[in-house]
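One-based numbering, in listed order, for ligands and for the atoms of each.
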Amino acid sequence: MYRTKTCGELRIADVGTQVTLAGWVQRVRRMGGMTFVDLRDRYGITQLVFESTNAELCERANHLGREFCIQATGNVSERESKNDKLPTGDIEIIVSALNVLSESVTPPFTIEDNTDGGDDLRMKYRYLDLRRPSVRSNLELRHKMTILIRNFLDSKNFIEVETPILIGSTPEGARDFVVPSRMNPGQFYARPQSPQTLKQLLMVSGFDRYFQIAMCFRDEDLRADRQPEFTQIDCEMSFVEQDDVIDLFEDMARHLFKEIRNVELPAKLQQMTWANAMRLYGSDKPDLRFGMTFVELMDVMKKGKFSVFDDAAYIGGICVPGCAEYTRKQLDQLTEFVKRPQVGAKGLVYVKYNNDGTIKSSVDKFYTPEDLLELKQQMGANDGDLVLILSGDNANKTRTQLCSLRLEMGERLGLRDKNRFECLWIVDFPLFEWSDEEQRLMATHHPFTMPNPDDIPLLESHPEQVRAKAYDFVCNGIEVGGGSLRIHDGQLQEKMFGILGFTPERAMAQFGFLINAFKYGAPPHAGLAFGLDRFVSIMAGLDSIRDCIAFPKNNSGRDVMLDAPSEIDQSQLDELFLQVDKSRIQAEK
Ligand code: ASP
């Protein structure tokens, strides 16, 4: 037997028993002729003691290096100086036999929660990084969540079905990853951006409640909460209305928060329309952990006195409680913040309502004290508050900028507490959004989303006014999940493709299978998907989803450990009838 106990389980009650442990050497210390070794495995750390009376054994212990994989047998003994930071801190093992199972070269960084390894190094040696307890515990949490989710959905009659990952294109608004087919030269599979159309087909097949913990692939620019491949808890149901889906998955979220964090979500989560979310928070994923909601100031500030405001299509402000004492330097920092390219505002107007009743603002020379008192009332500001105002010629862009400023202020004031969870649903999204890049309407969610029946008459005349039967689950300013009622009528689906700019031929070529399937008694259906990585990282309080993925990619989409992607052999290319345009690659570098 390699081991009789783990490194995390021995307690004072085990004193006097003989045990064998196996694990990795965290640390070797020599003290007063004795040698102490901290032995680590997945379950914890246990102290091994090599006594000076056994000189030969002690000498061997002195030659153990960090991360050697060893096996040790000995007696559990009560420790003289206990370590209350370790669950095993009351005991130690007086070792009688030591077996080195595998030596280790010196690891490139220390395998401890506060490691000295930078990101790149840790990613290159991810298998060592995963030995660190904090990283490991994220994966343990992820495991626990998937088990809870599977059991919850199973109890609600959902059936788990795997769908292929070599398919045709499934538009979810990103580029596809494609895979060349050797057997069908010149043709390509696409990796699913999500199992969207396949789960809809399963509804046509009569499966009525489906789920899958599914890998999804999207070739888009990466950020902290994005990876080229990520995992969804993907679900679909037949014979349901929007509220049926919302209620069921709200229950699932409630169950997860209770089991994982012992947090009770409210009995009914708030549902906020997209229009209100944009108006009050400038975002379709508002962070409700703090207030500072937007106040529109078009009437109050447009007085023919300050041309920047007079010409603006939108003027909005937030009231930051208790910050009238902000110094010149702090205000300059905020101005710099809003002018950063990521935020994109032209400037920032501030008004300080001081505790002594005086007012100081960056627009003193344009507005009278009375004007600023009117503003104070409109903002609901008190003495001691700081009002911050942005304006611009595009209302939604300016709102987005004000949203960044609001989040920044929330951050500065410590209001974005990772141990508080404010969840809500955003509903009534617009069905389409305009893409500047593509110069056309795009589906806000995806092309299979049902328009709000009340708005169907507007589909052709005013598509931008049509609301979708779509909903997002948002927690702490992060979109954790989203879904919609689906179109289950082939003709309406064809019409949607038309509005999205597909010719009938192209729509048929790409989605004929779905339009055809809808001819065979398609049930009304709806669904949603949660981003598992995001959900886990919120529960674990992580800054990046990478920290809860075993082998993540870096910001350039590279796996630095596997050194992927990489070039492939000419013979492989030949087999696939592919040629790489090296001169173009060189030119674009
Ligand atoms: N397939 C959608 C997505 O990946 C989710 C859904 O509508 O069910 O966002």
Minimum side-chain heavy-atom gap Asp454-Arg467 below 4.5 Å: yes
What about His445 and Phe429, are their ring centers closer than 6.0 Å? yes
Heteroatom distance test (Lys199, ligand 1): nitrogen or oxygen, under 3.5 angstrom: yes
As a quick check of understanding, evaluate side chain to side chain donor-acceptor pair (under 3.5 Å) for Asp287 and Tyr281, giving each step before the final call. CA-CA 8 Å; Asp287 188 341; Tyr281 298 93; over 6 Å; no
List every atom of ligand 1 that sits less than 4.0 Å from any heavy atom of Gly483, numbering the atoms from 1 in the order shown and giving each element. 6 (C), 7 (O)
Report, in ascending order of atom number, the atoms of ligand 1 lying under 4.0 Å from any heavy atom of Ala529. 5 (C), 8 (O)
For Arg218, state whether at least one heavy atom is located under 4.0 Å from any atom of ligand 1. yes
Quick one: does Asp234 get an N or O within less than 3.5 Å of an N or O on ligand 1? no
Walk me through whether Phe448 and Phe511 qualify under ring-ring contact (aromatic ring centres under 6.0 Å, His included). CA-CA 11 Å; Phe448 315 105; Phe511 300 110; 5.6 Å; yes
Where does Gln200 meet ligand 1, judged by heavy-atom distances below 4.0 Å: at the side chain, the backbone, both, or neither? neither
Is the distance between the ring centroids of Phe249 and Phe473 under 6.0 Å? no
Gln193 near ligand 1 by a heavy-atom separation under 4.0 Å: no
Among Gly482, Ala214, Gly527, Ser194, which one has a heavy atom closest to atom 5 (C) of ligand 1? Gly482
Any N or O on Gln232 sitting closer than 3.5 Å to an N or O of ligand 1? yes
How close do Ile318 and Arg406 get, heavy atom to heavy atom, and via which atoms? CD1-CA, 3.9 Å
Close side-chain approach of Tyr314 and Arg399, heavy atoms under 4.5 Å: yes
List the closest protein heavy-atom neighbour of atom 1 (N) of ligand 1: residue, atom name, distance to the nearest 0.1 Å. Gln196 OE1, 2.7 Å
Using 30° and 60° as the class boundaries, would you call the ring planes of Phe257 and Phe421 parallel, tilted or perpendicular? tilted
Look at atom 9 (O) of ligand 1 and say which protein heavy atom is nearest, naming residue and atom and giving the distance to 0.1 Å. Glu172 OE1, 3.8 Å
